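Accompanying notes for the structure given below.
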Amino acid sequence: MSLIVHKYGGTSMGSTDRIKNVAKRVAKWSRAGYQMVVVPSAMSGETNRLLGLAKELAPSSASMSYQRELDMLASTGEQASSALLAIALQAEGVESVSYAGWQLPIRTNSAFTKARIESIEDKRVMADLDKGKVVIITGFQGVDEHSNITTLGRGGSDTSAVAIAVALKASECLIYTDVDGVYTTDPRVVPEAKRLLTISFEEMLEMASMGSKVLQIRSVEFAGKYKVPLRVLSSFTPWDIDLTEEARSGTLISFEEDEKMEQAIVSGIAFNRDEAKISVLGVPDKPGIAYQILGAVAQANIEVDMIIQNISRDGKTDFSFTVHRNDHAKTLDLLKSQVIPELGAAEVVGDTKICKVSIVGIGMRSHVGVASKMFKTLSEEGINIQMISTSEIKTSVVIDEKYMELAVRALHKTFDLDQDRA
Ligand code: ASP
Ligand code: MG
């Protein structure tokens, strides 16, 4: 029988009652004959609670020694929830064993608080599965080559689950969470948003990197690279619903593009308020300025997203780009103190009251006029576009933050995302 990986998020593991429910659901799958590996997150709020305790003792610091202890600390959340789930399963009469990442081991590099998985040893897991046990593996963590415990970044249990599914050659990885799938946009902004039955990896990657918080981006990259079918579904359906029905629920993130007969042109609208705009005005227009400005920013480890440079007038040009909002002040300081004096630019200004809205769809590859339809809709709403960027399967605009909801709603309607699809 096939091997399946289930991942349960923090809310699904949030209390002993909920853990009991997870155990009953997993027991149902196990009794149906599947080989089961389960990857839980920490109980909801636990990771924040632990990291908060550290902050009470010492303000956060980038030092290696502090970061190491954060991982030592935060990893306990998943260790606790995994053991609790194993106990709950045993109480259900299902043989079960839990492992922390270091016990397998799940090897990572040494980048504390944002480590990357390098390899997973499957021997112990396979032996337990062969004995008919349900194997529980802590999400979010691993161990580096010096036996230090590491964690994979917030939301990292998704990535653990997918990486484990890859290593064990699972036939599917099911991500159980507190929403019942991936939606055309955030239903809190557009109540008419519809659940997607399937979405391609590429679209999901764009949605995830542009603000949809359903899955950690790394997990989608992993799934796409190794072609593991991934499904996002609700852990709040009754545990005893029919297994076949459950296995078909939620949203399938698929790598077979032609699975959808009638491909929608736009599959979803993503948005985020996490960025800020920086403009360097009156820059002499000559070779090397983009490098001088963005090189310095990259050197300071600041990630840049959208970039535009205007045509020049009188040998001067304006240059704008966006960074994460947390990096806004740092970027301004850097430009004012180092780059502007060297460049001889007139001034640098920042704006944090912006947002990015994107339309995403692989159908955009084969259809012209999609972007202009987006621009027309925004103009009809009187919304000014400040920046534009496009790729094969998405178009993003930066607009004033106060029009975000209006823009998302209008675009959702324009692209018929509120209509039921076959
Ligand atoms: N517990 C970790 C977090 O809160 C990892 C996860 O839930 O995926 O970020
Ligand atoms: Mg999560």
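All ligand and atom numbering here is 1-based and tracks the order in the structure. Please read these numbers as outputs of a predicted model, since none were measured by experiment. All values below come from the heavy atoms of this structure, side chains included, with hydrogens, waters and symmetry mates left out. If you read the sequence from its start, that first residue is 1, and numbering goes on from there.
At least one heavy atom of G155 lies less than 4.0 angstrom from ligand 1. Residue contact check for ligand 1: G156 places a non-hydrogen atom closer than 4.0 Å to it.
With D305 as reference, K356 is the one residue of K277, K356, R325 to meet the salt bridge (charged side-chain N to carboxylate O under 4.0 Å, His left out) rule.
Contacts of E46 with ligand 1, taken as heavy-atom pairs under 4.0 Å, are absent altogether.
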Donor-acceptor contacts, no H, no angles, side chain residues 168-175, under 3.5 Å, sequence neighbours left out:
{"unit_1": "S171", "atom_1": "OG", "unit_2": "L3", "atom_2": "O", "d": "3.2"}
{"unit_1": "E172", "atom_1": "OE2", "unit_2": "R231", "atom_2": "NE", "d": "3.0"}

Q. Between K225 and E221, is a salt bridge (charged side-chain N to carboxylate O under 4.0 Å, His left out) present by the stated rule, with each step listed?
A. CA-CA 6 Å; K225 184 159 166 203; E221 285 170 1; over 6 Å; no
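Note on residues 58-80: no pairs pass salt bridge (Lys or Arg N to Asp or Glu O under 4.0 Å), not counting sequence neighbours.
Those atoms of ligand 1 with a heavy atom of R154 less than 4.0 angstrom away are 3 (C), 4 (O), 9 (O). Interface of S41 with ligand 1, defined as ligand atoms under 4.0 Å from a residue heavy atom, comprises 6 (C), 7 (O), 8 (O).
When atom types are taken as modelled, the side chain of R25 and the backbone of T237 share a donor-acceptor pair closer than 3.5 angstrom.
Polar contact with ligand 1: present for T47 (N/O pair, distance under 3.5 Å).
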